[in-house]
Amino acid sequence: MLYIQSDLKRTDFVHPLVCALQRVLTAPVSVQALDFPLGPELLATPTQFEVSKVADRFIERTASEGNAPSFKYLLIPFDLKVEAWNWRYAFSTSFGDAATSYHVGVVSTARIFAGNRGLKSPWDDEITATRAYKLILKSIVNVSGYRNAGGCILKTPLSLEELDQKSSEFCPDDRAALVAAGILKDNEEQNGPDCTTVRQRSLPAPLVTARRMLDDWLATPR
């Protein structure tokens, strides 16, 4: 279940994201808007929200929706901070495990949006969707209780460059275990002419790198 927080206005990436998730997950994927104001009491810094505070409120707000096995993801446009970690920011953070009644994640689009500075290209939505896809799939696998060495798509990215460089695919052993556990489909399924596989949607690495470098250049004060 993907929840689009009320302040997230750029949502063109959501459709390709849902298409990609539907092709690989056995569970159905749904999307809904959520009127979910984030107040100053949830801030960790003047510009970053403390993700655990946001998650606690999100868990409480959506407790009556879905069912116990549901995986719920809140997509917000604001930067995230994890006060317990000595990191400058967090792309996303997961909460819950096989023993909890909740399985949730909070995903920030603040740093994964391609074309975040106004110069939009035809590939921006695909780049953003692929980044979110990698983060959400890794989270689903971790929250479900599966643990491994963290290779391929399950590798933890510490920068946007690392997120772009890591694979959109599962390592063969991980994929086989997750198919056997009923989390992934044995084969990706075509859901419609405009829903393609991540592998087919993946753009050439030089193009993604050029887009990222341009965004970084536009974000640098002059």
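A quick note: this is a predicted structure, and the numbers were derived from the prediction, not measured. Computation of the quantities below employed the complete heavy-atom set of this structure, encompassing side-chain atoms and omitting hydrogens, waters and symmetry-equivalent molecules.
Judged by distance alone, with hydrogens and angles left aside, the side-chain atoms of Lys134 form no donor-acceptor pair with the main-chain N or O of Ser168 at under 3.5 Å. No donor-acceptor pair closer than 3.5 Å links the side chain of Gln48 to the backbone N or O of Asp79.
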Hey, can you pull the donor-acceptor pairs under 3.5 Å for the side chains in residues 173-180, sequence neighbours left out?
residue, atom, partner, partner atom, Å
Asp174, OD1, Tyr146, OH, 2.7
Asp174, OD1, Asn148, ND2, 2.9
Asp174, OD2, Asn148, ND2, 2.6
Arg175, NH2, Lys185, O, 2.9
Arg175, NH2, Asp186, O, 3.1

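Listed by chain and number, the residues in a side chain to side chain contact (heavy atoms under 4.5 Å, CB included) with Ser6 are Asp35 (sequence neighbours excluded). For Lys53, the side chain to side chain contact (heavy atoms under 4.5 Å, CB included) partners are Leu42, Glu50, not counting sequence neighbours. Residues satisfying the side-chain hydrogen bond (donor to acceptor under 3.5 Å, both in side chains) test with Ser30, not counting sequence neighbours, are none. Listed by chain and residue number, Arg131, Leu160, Val208, Arg212 satisfy the side chain to side chain contact (heavy atoms under 4.5 Å, CB included) test with Asp164 (two or more places apart in sequence, or in another chain).
Checked by atom type, the side-chain pair Lys138/Thr156 shows a donor-acceptor distance below 3.5 Å.
For Lys166, the NZ atom is densely surrounded, since the number of other residues' heavy atoms within 6.0 Å is greater than 12.
Ring orientation note: the planes of Phe78 and Phe49 are tilted relative to one another, at an angle of 30° to 60°.
The ring-ring contact (aromatic ring centres under 6.0 Å, His included) test with Tyr3 singles out one residue from Phe58, Phe36, Phe71, and that residue is Phe58.
Screening residues 59-69 for salt bridge (charged side-chain N to carboxylate O under 4.0 Å, His left out), with sequence neighbours left out, gives no hits.
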